[in-house]
Asks: 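Take this structure, written in structure tokens, and hold onto it; I'll ask about it next.
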Amino acid sequence: MKRGVEWLSGHTALIFPENMAKTHTVQEVLDLIFQDEDSDLDEDVSEQEDQLEENSDYSHSDDDDDEDNDDANDEDEEQAAVETVMSKNNAISWSSLPRTVAGRMAGENVIQMTPGPTRLVISHASDILSVFQLFLPVAIERIVIEMTNSEGIKRHGQEWKTIDVTQLHAYIGLLILAGVYRSRGEAASSLWSADTGRPIFRATMSLEMFRTISAVIRFDNRETRPVRRATDKLAAIRDVWDKWVERLPLMYNPGPEVTVDERLVPFRGRCPFRQYMPSKPGKYGIKLWAACDARSSYAWNMQVYTGKPAGGTPERKQGMRVVLEMTEGLRGHNVTCDNFFTSYELGQELLKKKMTMVGTVRRNKPELPPTLVTTRGREVFSSKFAFTHDTTVVSYMPKKNKNVILMSTLHKAAEISTREDRKPTMILEYNANKGGVDNLDKVTGTYSCKRRTARWPLAIFHNIIDISTYNSFVIWRELNPTWRASTRNWRRHFLEELGKALVTPCMQKRRHLPRTAASATLVRAVQPPQPGPDEVPQDDNRMGQKRKRCNFCPPKKDCKTGTTCCKCRKHICKAHTHKVSYYCFECTQ
């Protein structure tokens with residue numbers, strides 16, 4: 001025990017030299033010793049923790065470097081997967097992957113107008129006839145009547161009876177009714193026949209009058225035509241055509257999809273700009289450019305193709321020029337066209353006007369990449385895409401060794417449908433919207449008012465009537481969706497009502513009844529009721545009075561009669577008597 005105390009004393013002197021002069025108990029010495037050992041342990045632990053923290057920082061930095069390396073590898077792999085191909089003319093760089101840009105809808109997909117009939121139509125469309133007259137206004141009727149009467153006077157002199165608006169409407173109405181009855185190829189004499197014809201034709205006007213109007217109807221001044229024709233091949237009907245085309249976009253706003261295509265008005269007579277189109281049923285005729293609503297086939301704009309310019313040089317970029325002119329005034333719409341019109345330059349021009357384009361492309365276009373044109377080694381129903389920042393091209397294989405190429409500024413991704421043939425969505429939407437103009441040809445050809453003629457201006461006028469009647473039908477159906485809901489053949493009923501509304505005023509003005517009973521019945525049905533011979537009072541009896549000269553015959557004729565008008569009491573001879581009610585021809589007005 002003594003030796004232990006001495007050991008503690010010696011150690012205490014070594015550890016605490018400053019306390020050598022101070023005496024401590026054993027317990028105090030033990031506490032001082034263990035306190036010193038604890039501080040050494042704490043220092044060791046703190047050093048180990050510092051090393052762990054340094055190691056942890058080092059490990060985190062290693063992980064970050066690994067992640068950066070992984071991202072870099074992914075980017076390298078993605079860049080390796082993206083193929084960049086130049087076009088045939090080395091002007092456009094096409095990528096195999098689209099550029100995804102998130103954000104709001106593009107301005108070229110926002111329509112500024114409300115699709116459907118305009119406010120002008122809604123405020124004036126009271127019945128079927130009023131809708132049709134919006135397309136053939138008074139200005140057009142005035143030109144046709146004035147020029148037709150001028151031609152009639154040149155041909156018939158003083159014998160010509162001036163036609164008015166009522167007779168012009170009746171003539172157009174008979175053309176429409178002939179189309180309703182599928183009689184456009186039938187001879188006019190057969191339509192007016194008492195045995196095989198329709199009573200309404202004889203009830204409206206005589207066959208001779210119909211043929212006379214068809215022969216002399218004109219749309220311009222023949223005396224000034226040679227001067228105008230030197231610079232305008234369409235001079236014979238230019239005024240009427242321009243005034244009519246101006247009315248088309250004023251009546252209807254197309255939907256988001258618009259179709260631009262060509263159509264043919266069949267005509268085999270002499271025409272300086274007659275075209276041969278073997279793909280059309282008529283083969284020969286007058287070619288028109290048309291822009292239609294893809295859903296309703298409403299003809300929104302039209303243009304006559306008059307052939308090459310006067311110099312004879314073929315027009316360059318004709319397809320692009322036609323599409324830009326046909327869509328003038330539209331914004332936010334998508335234009336569907338075929339390979340005659342589609343080009344990369346057209347797509348860029350439409351984008352500047354806030355419109356998009358979808359259409360087939362010809363294989364020889366220089367803006368296409370060669371990899372999309374070739375078909376060697378490709379699988380059936382396979383698709384290849386190529387992208388720029390605003391244009392997409394797809395090459396689809398519907399069958400072996402045959403591909404279809406489409407270009408679009410509307411679609412931004414490589415979307416494939418789930419159908420068995422794996423058609424791209426771009427092709428399905430093109431097929432749904434490409435038939436706007438073709439459907440217009442079909443519906444107008446079904447009930448066409450076209451008659452056989454050797455004069456091309458009259459053929460164009462018949463086409464104007466066909467388009468106007470169909471556009472009127474589209475507007476009428478949208479304004480009155482419940483009209484004849486329980487029946488079918490709406491357009492046939494529409495045309496029949498329109499034709500009867502046009503001929504009724506002429507039937508009401510007829511002085512003499514037709515010879516056939518059926519036609520006479522139609523005239524009586526539309527004319528105001530008039531008193532018959534039995535309804536005339538006794539004191540107004542036309543017989544038994546003093547014979548006097550007829551008030552309407554010249555005095556030299558000395559035509560005396562005892563018959564008087566039951567309304568004005570004038571003496572009238574047989575020639576100046578209305579045979580239905582014994583009215584003179586003045587009182588019947």
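Sequential numbering from 1 along the given sequence is applied to the chain's residues.
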Asks: On the 0 to 90° scale, with breaks at 30° and 60°, tag the H576-F552 ring pair as parallel, tilted or perpendicular.
Replies: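 H576 vs F552 ring planes: tilted.
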Asks: Can you see which heavy atom on V443 is nearest to which on R491, and at what distance?
Replies: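 Reported closest heavy-atom pair: O-NH1, 2.5 Å.
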Asks: Indicate yes or no: does E146 engage R142 in a salt bridge with an N to O separation below 4.0 Å.
Replies: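 Salt bridge: no.
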Asks: When the ring planes of W289 and F341 are compared, do they come out parallel, tilted or perpendicular, using 30° and 60° as the limits?
Replies: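 Rings of W289 and F341: perpendicular, over 60°.
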Asks: Name the residue from W241, F219, W244 that meets the ring pair (Phe, Tyr, Trp, His ring centres under 6.0 Å) definition with F461.
Replies: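 The ring pair (Phe, Tyr, Trp, His ring centres under 6.0 Å) with F461 is passed solely by F219 among W241, F219, W244.
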Asks: Identify the two heavy atoms, one from A291 and one from V260, that lie closest to each other, and give their separation to 0.1 Å.
Replies: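 Between these two residues, the closest heavy atoms are CB-CG2, 4.2 Å.
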Asks: How close do M507 and L522 get, counting heavy atoms only, and between which atoms?
Replies: CE-O, 3.7 Å
Asks: Could you go through the side-chain hydrogen bond (donor to acceptor under 3.5 Å, both in side chains) check for N471 and R247 one step at a time?
Replies: CA-CA 11 Å; N471 283 359; R247 309 287 294 180; over 6 Å; no
Asks: In terms of heavy-atom contacts, does CH2 of W490 have more than 12 from other residues, nucleotides or ligands at under 6.0 Å?
Replies: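 Counting other residues, nucleotides and ligands, CH2 of W490 stays at 12 neighbours or fewer.
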Asks: Applying the ring pair (Phe, Tyr, Trp, His ring centres under 6.0 Å) criterion to W456, which one of F267, F273, Y284 satisfies it?
Replies: F273
Asks: Which of these, K500, Q133, H493, E497, sits in a side chain to side chain contact (heavy atoms under 4.5 Å, CB included) with I128?
Replies: E497
Asks: Closer than 4.0 angstrom, basic N to acidic O: yes or no for R229 and D220?
Replies: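 The answer is no: the pair does not qualify as a salt bridge.
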Asks: For E223, is there an ion pair with K154 - N to carboxylate O distance below 4.0 angstrom?
Replies: yes
Asks: Walk me through whether R155 and W160 qualify under side-chain contact (heavy atoms from CB on, under 4.5 Å).
Replies: CA-CA 8 Å; R155 287 197 178 193; W160 172 254; over 6 Å; no
Asks: Hey, is R455 close enough to E151 for a salt bridge, meaning N to O under 4.0 Å?
Replies: no
Asks: Could you pull out the closest heavy-atom pair between S183 and R451, with the gap in Å?
Replies: O-NH1, 2.7 Å
Asks: Got a donor-acceptor contact below 3.5 angstrom from the R228 side chain to the A235 backbone?
Replies: yes
